[in-house]
Every structure is written in structure tokens, then in C-alpha cells.
Amino acid sequence: MIALVDGNSFYVSCERVFDPRLEGRAVGVLSNNDGCVVARSHELKALGVAMGAPLHLLPPAVRRQAVMLSSNYALYGDMSRRVNQVLGEFSPDVEPYSIDESFVGFSGFPEGELEPRCRELRDTVGRWTGIPVGVGLAPTRTLAKLANRLAKREPAFEGVCRLDAEGEATRRVLEACPVDDLWGVARRSAERLALMGIENAWQLREADPRWVRSRFSVVMERMVWELRGRPAIVLDDMSEPRRRLLVSRSFGRLTGERHELEAAMRQHCARAGEKLRRQGSLAQAVQVFVRTNPFLAGEPQYRNAAVVALPAPSADSRELLAAASRALAAIYLEGYRYQKCGVMLLDLVDVERRQASLLETPEDDARRARSQRLMAALDRLNREMGRDTVRFGLPRRDNAWKLRCERRTPRYTTSWDELMRVKTGR
DNA sequence: TCTGGGGTCCTAGGACCC
DNA sequence: TCTGGGGTCCTAGGACCC
């Protein structure tokens with residue numbers, strides 16, 4: 001059996017731990033740039049605010065009542081780590097799946113103890129971290145996801161719901177579950193399934209797996225097995241290094257200026273380089289993309305991307321930057337108001353498994369060693385003295401790409417400075 | 001004035017090889 | 001009238017997740 005443990009309105013719950021005045025109020029947390037609502041307290045949901053709703057399109061009445069906060073990822077990431085630490089007290093097999101949910105494996109535990117154990121787990125997480133969680137217990141991840149939804153939705157479960165593979169109760173639950181409520185089935189697939197008369201999870205479970213595979217894909221076939229209680233989904237190990245890496249931001253305001261796009265690109269490159277070195281990888285190619293604001297229907301639209309291969313796998317920000325500059329030059333056009341720019345590092349390989357070139361000379365080795373020392377020094381300065389202590393190119397005032405985040409709360413658990421400001425009321 | 005950011009996996013189809 | 005058969009590798013794009 002496997003449990004899915006999921007924080008209720010996770011970002012909102014993190015904020016409430018440190019500001020109890022938010023308790024009982026309609027609270028939302030916004031995406032970067034204060035653009036969309038990405039987390040909602042249940043009071044905010046009750047006001048009819050949808051996930052992903054743009055802030056500026058919310059009805060004025062809602063905006064007056066609700067507390068809207070900028071996102072504070074340093075805080076949420078740290079709280080997430082604490083929750084997982086508690087989960088580790090209950091099973092050696094904890095797989096973080098996202099910032100607010102983890103799978104906890106219970107194979108080998110006596111069947112009868114599982115539900116009480118999950119209740120104790122839930123209580124302990126709540127007591128030790130302040131975060132309320134829901135627990136779904138089932139033989140497969142797909143069923144555990146479903147059980148988790150029930151645990152949160154039906155008060156009678158008191159936050160913990162077990163769903164077995166067989167039995168009348170399971171059948172009733174699956175019949176009441178539209179296919180697009182399943183983990184991994186969204187609008188497109190649901191539409192196609194509906195055309196074939198499959199509208200709820202029970203109908204999908206009863207379909208012939210081979211037929212499903214031939215009409216859809218191996219992904220949908222796995223869904224059938226999972227619904228029948230046979231595990232078919234393996235998660236990739238979150239501790240493995242990423243295979244690609246993206247840094248992108250929307251601009252605080254639109255801009256057509258080439259130098260502003262270049263400044264943003266440099267910033268993203270530097271950040272991407274840091275992430276790359278932190279996970280011990282080298283990139284073999286760099287992609288840059290730009291686009292206008294697709295929501296402005298009346299404006300001329302443009303989006304494009306270019307990839308530039310690096311001469312050799314590298315984690316040197318200067319080399320990433322040189323490649324990214326060429327990519328940007330290849331796609332930049334005058335006459336558009338750009339909304340977003342991003343840098344993606346591709347074909348990442350482990351630094352330890354770097355393939356040496358036949359043409360390498362001792363000078364190449366020496367140059368690589370110097371590059372590594374320089375980047376290590378750069379990362380340390382920026383880590384210890386604060387972001388952007390050392391940077392590429394000159395900063396400008398009033399950057400278009402500067403983020404709006406006007407309502408961020410203090411980083412209570414990771415910044416002494418900000419915590420002290422709370423205490424002294426400054 | 002104003003609509004996020006960061007990932008993964010799978011498939012189809014083209015290029016290429018013998 | 002008529003132009004093989006079987007592979008691999010790569011990429012772009014779709015779909016999905018949180």
C-alpha cells in the first residue's frame with residue numbers, strides 16, 4: 001500500500017502558520033509577477049475564485065474581501081522540507097513528488113495497522129509543522145490520488161481515506177468519478193474517451209487494456225492497470241539531476257528594447273548556470289525563447305526560439321552567455337512588444353561522466369580547471385554576500401524585466417534579517 | 001496596467017543506414 | 001504492370017503534472 005500525503009492549500013497554510021490572523025479569512029497566494037492565483041484557502045474557493053485566475057480580472061468585491069499575497073518560495077520550500085522530515089519518521093520510503101505532496105510507501109507494514117498509522121502521521125505533521133494534510137491510502141498511486149481527494153472533500157473521513165482495489169465501495173467511488181478527475185487524464189483525453197462512451201473511472205477500469213493502448217497510448221493503458229489495483233506508474237527519482245533546466249520570467253511591463261531583452265537573458269543565464277552547477281551537470285546546448293503577450297489580441301504577435309550548441313559540454317556562465325547571445329540575436333525582431341524571455345539548458349550530462357575529446361590538449365585541461373575555480377568563487381560570493389553581488393553586465397535602473405511582487409511576506413524560517421523585522425515591527 | 005514557472009513522458013515522422 | 005524490408009536515431013509537438 002502507498003499513501004499520498006498532500007498539504008491542504010499548501011502555500012496558504014504556510015502563510016497561516018506565521019500569521020494566525022489569516023485563519024478563517026479568504027486568502028490567496030499569487031504566481032510570480034503577482035499574475036495569477038495559484039493557491040486558495042477554502043474561503044477563497046467559496047467566493048468562486050478559480051485556480052489560475054488572473055488577479056486583475058477578479059471582481060472588485062472579491063478583491064476587497066480577500067487577502068492576496070505574493071509567493072514566498074523560500075518559505076514554502078523550507079516548510080515542505082520539514083513536512084517530509086516528519087513523514088520520514090513513519091516510513092523509510094518517502095518520495096517527494098512536488099512541493100506540497102509526497103508518496104509514502106508502506107510495503108511490509110501489517111495491513112491492519114496502516115490506517116491508524118496514517119492518522120497518527122497526519123496528526124504529527126499538523127502538530128510539528130502546523131501544516132494540515134490529507135492522506136489517501138491505496139494499492140496504487142492513481143488510486144491513492146483519488147483517495148486523497150476524498151479525504152479532503154468528505155469531512156467524515158477526517159483527513160484520511162483508504163481505497164482498496166476491489167469491493168462495492170470502490171466501485172461506487174469510481175463510478176462517481178469523471179475521467180478527467182483522474183491523475184493524468186485532462187481535457188483532451190477526456191474528450192476522446194467520452195467519444196468512445198467512457199466517462200467515469202469505473203468504465204475506464206473495465207475497458208480492455210490492449211484496446212485502450214491501441215486507441216490511446218501506453219500512458220492510458222497504465223491508467224487502466226492502476227485503477228484495477230496493479231501498480232504501473234513508476235516515478236522518476238526526484239533526487240536524480242534534471243535533464244533540462246529552464247529559467248524564464250514575464251516582464252513587469254512589456255518592452256521592445258533589445259538591450260532590455262539582453263539584460264533579462266543575461267540574468268536568466270546566470271541563474272541557470274548556478275542551478276546547473278549546483279546539480280553537478282554540464283550543458284551541451286542553450287535555447288533562448290522570446291514571445292509577445294498572447295492575451296493582447298489586437299497586438300502583432302511573435303514567438304520564436306533558437307538553439308545554439310556549445311563547442312563542448314560546459315557549466316561556465318560565460319560560455320552559456322556567449323551561446324545565448326547568439327541565440328537571442330538570431331530571433332530578436334524590432335517592432336514587437338515582448339512579454340517574456342527564457343533560457344533553457346539542454347542535453348545535460350553529469351560532470352563526472354564528461355566525455356573527453358580526442359583533440360584535447362593540456363591547455364584545455366588547465367583552462368577547464370580555471371573555469372571551475374572561477375565559477376565556484378562566483379557562486380560562493382553570491383551565496384554568502386547575497387544574490388547578484390557579482391553579475392555579468394551592468395545593472396540598469398527601471399528594468400522592464402523586474403518582477404512585481406508587492407505583497408511578499410517575510411522569509412520567517414530562512415532569513416534572520418526578515419524575521420527580526422517582524423519582531424521589531426519595522 | 002494587469003494573464004506564472006518549471007518540469008516529464010510519449011508518439012509520429014523524417015533522415016539515414018544496410 | 002512494375003520500384004524492398006528492416007532497423008536506429010533524432011526532433012518537434014502534444015499532453016499532462018504541480
Side-chain angles (χ1 to χ4, degrees), chain A residues 4 6-7 9-11 28-40 49-58 60 63 68 70-71 73 76-77 80 96-103 141-142 145 148 179-193 213-223 232-238 240-255 264 268 271-272 275 279 284-285 287 289 291-297 299 303-307 309 337 339-348 400-401 403-406:
Chain A
L4 176 65
D6 177 318
S9 311
F10 183 68
Y11 296 170
V29 175
L30 303 169
S31 64
N32 263 323
N33 241 342
D34 292 347
C36 305
V37 181
V38 294
R40 304 159 297 157
V49 175
M51 181 66 179
L55 175 65
H56 75 278
L57 295 183
L58 292 184
R63 297 188 60 167
M68 290 296 178
S70 300
S71 39
Y73 288 105
Y76 313 147
S80 173
Y97 173 65
S98 71
I99 194 163
D100 72 333
E101 55 192 292
S102 294
F103 287 103
R141 296 177 203 280
T142 302
K145 271 278 198 183
N148 180 281
V179 280
D180 53 356
D181 275 2
L182 291 170
W183 182 45
V185 181
R187 191 171 51 88
R188 298 301 180 113
S189 309
E191 282 168 7
R192 290 182 57 205
L193 283 166
R213 181 173 190 150
S214 71
R215 303 303 293 273
F216 290 87
S217 69
V218 63
V219 180
M220 195 65 77
E221 183 196 3
R222 285 180 195 143
M223 182 74 52
I233 295 177
V234 268
L235 287 187
D236 35 283
D237 191 342
M238 297 273 286
E240 286 287 301
R242 305 234 169 275
R243 287 191 276 277
R244 59 171 76 169
L245 204 155
L246 171 71
V247 177
S248 73
R249 292 285 179 278
S250 296
F251 302 139
R253 61 172 163 76
L254 305 182
T255 176
H268 298 344
R271 203 69 74 222
K275 286 188 182 184
Q279 73 162 27
Q284 304 192 76
Q287 181 182 62
F289 68 87
R291 68 152 212 234
T292 51
N293 185 342
F295 291 98
L296 301 180
E299 289 216 12
R303 60 185 300 162
N304 206 350
V307 178
R337 299 203 304 150
Q339 187 234 6
K340 188 171 188 172
C341 159
V343 172
M344 207 185 309
L345 305 182
L346 305 169
D347 302 335
L348 307 191
W401 43 273
L403 280 182
R404 289 188 305 267
C405 68
E406 291 156 4

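First the proteins, then the strands, lettered A, B, ... as listed; each starts at 1. Just so you know, these numbers come straight off a predicted model, no measurement behind them.
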Does the side chain of [X] reach to within under 4.5 Å of the side chain of [Y], using non-hydrogen atoms?
X: A/Phe10; Y: A/Val29; answer: no
X: A/Val218; Y: A/Arg222; answer: yes
X: A/Ser248; Y: A/Met344; answer: no

- State whether the side chain of A/Asp180 and the backbone N or O of A/Ala190 hold a donor-acceptor pair below 3.5 Å, judged by distance alone. no
- Residue whose nearest DNA chain B nucleotide is more 5′ - A/Leu246 or A/Ser31: A/Ser31
- Query: Which residue, A/Phe295 or A/Lys275, contacts DNA chain B at a nucleotide closer to its 5' end, judged by nearest heavy atom?
  - Reply: A/Phe295
Could you tell me whether [X] contacts a base, only the sugar-phosphate backbone, or nothing, with contacts defined as non-hydrogen atoms closer than 4.0 Å?
X: A/Leu30; result: nothing
X: A/Asp34; result: nothing
X: A/Arg222; result: sugar-phosphate
X: A/Ser71; result: nothing

In whole angstrom, what separates [X]'s [atom1] from [N]'s [atom2]?
X: A/Leu345; N: B/dG7; atom1: CG; atom2: C1'; result: 14 Å
X: A/Lys145; N: C/dC17; atom1: NZ; atom2: P; result: 9 Å
X: A/Leu346; N: B/dG6; atom1: CG; atom2: P; result: 14 Å
X: A/Asn33; N: B/dT3; atom1: CG; atom2: P; result: 7 Å
X: A/Gln287; N: B/dG6; atom1: CD; atom2: C1'; result: 14 Å
X: A/Leu57; N: B/dT3; atom1: CG; atom2: P; result: 9 Å
X: A/Lys340; N: B/dG5; atom1: NZ; atom2: C1'; result: 6 Å
X: A/Arg253; N: B/dT3; atom1: CZ; atom2: C1'; result: 18 Å

Short heteroatom pairs, N/O only, protein and nucleotides 10-13 of chain C, under 3.5 Å:
none

Just how far is it from atom [atom1] of [X] to atom [atom2] of [Y], taken to the nearest 0.5 Å?
X: A/Ile233; Y: A/Thr142; atom1: CD1; atom2: OG1; result: 3.5 Å
X: A/Gln279; Y: A/Glu240; atom1: CD; atom2: CD; result: 10.0 Å
X: A/Gln284; Y: A/Leu348; atom1: CD; atom2: CG; result: 8.5 Å
X: A/Leu193; Y: A/Arg215; atom1: CG; atom2: CZ; result: 10.5 Å
X: A/Cys36; Y: A/Leu30; atom1: SG; atom2: CG; result: 8.5 Å
X: A/Lys145; Y: A/Asp6; atom1: NZ; atom2: CG; result: 6.5 Å

For [N] and [X] - does any side-chain N or O of the residue sit under 4.0 Å from the phosphate oxygens OP1/OP2?
X: A/Gln339; N: B/dC2; result: no
X: A/Ser248; N: B/dG4; result: no
X: A/Ser250; N: B/dG5; result: yes

Between [options], which nucleotide gets closest to the side-chain atoms of [X]?
X: A/Asp100; options: C/dC18, B/dT8, B/dG4; answer: C/dC18
X: A/His56; options: B/dG6, C/dC17, B/dT3; answer: B/dT3
X: A/Ala186; options: C/dC17, B/dG4, B/dG5; answer: C/dC17
X: A/Trp183; options: B/dG6, B/dG4, C/dC18; answer: C/dC18
X: A/Arg243; options: C/dC17, B/dC2, B/dT8; answer: B/dT8

- Query: Which atoms form the tightest heavy-atom contact between A/Tyr76 and A/Ser71, and what is the distance?
  - Reply: OH-CA, 3.8 Å
- Query: Considering all heavy atoms of both residues, which atom of A/Leu58 and which atom of A/Val49 are nearest to each other, and what is their separation?
  - Reply: CD2-CG1, 4.0 Å
Nucleotide N/O to protein N/O under 3.5 Å, stretch nucleotides 14-16 of chain B:
none

- So what is the 5' to 3' dot-bracket string for DNA chain C, if pairs are Watson-Crick or G-U wobble with both distances under 3.5 Å, crossing pairs use [ ] and | means the partner sits on another strand? ....||||||||||||||
- Task: Could you check whether the rings of A/Tyr73 and A/Tyr11 sit parallel, tilted or perpendicular, using 30° and 60° as the cut-offs?
- Result: perpendicular
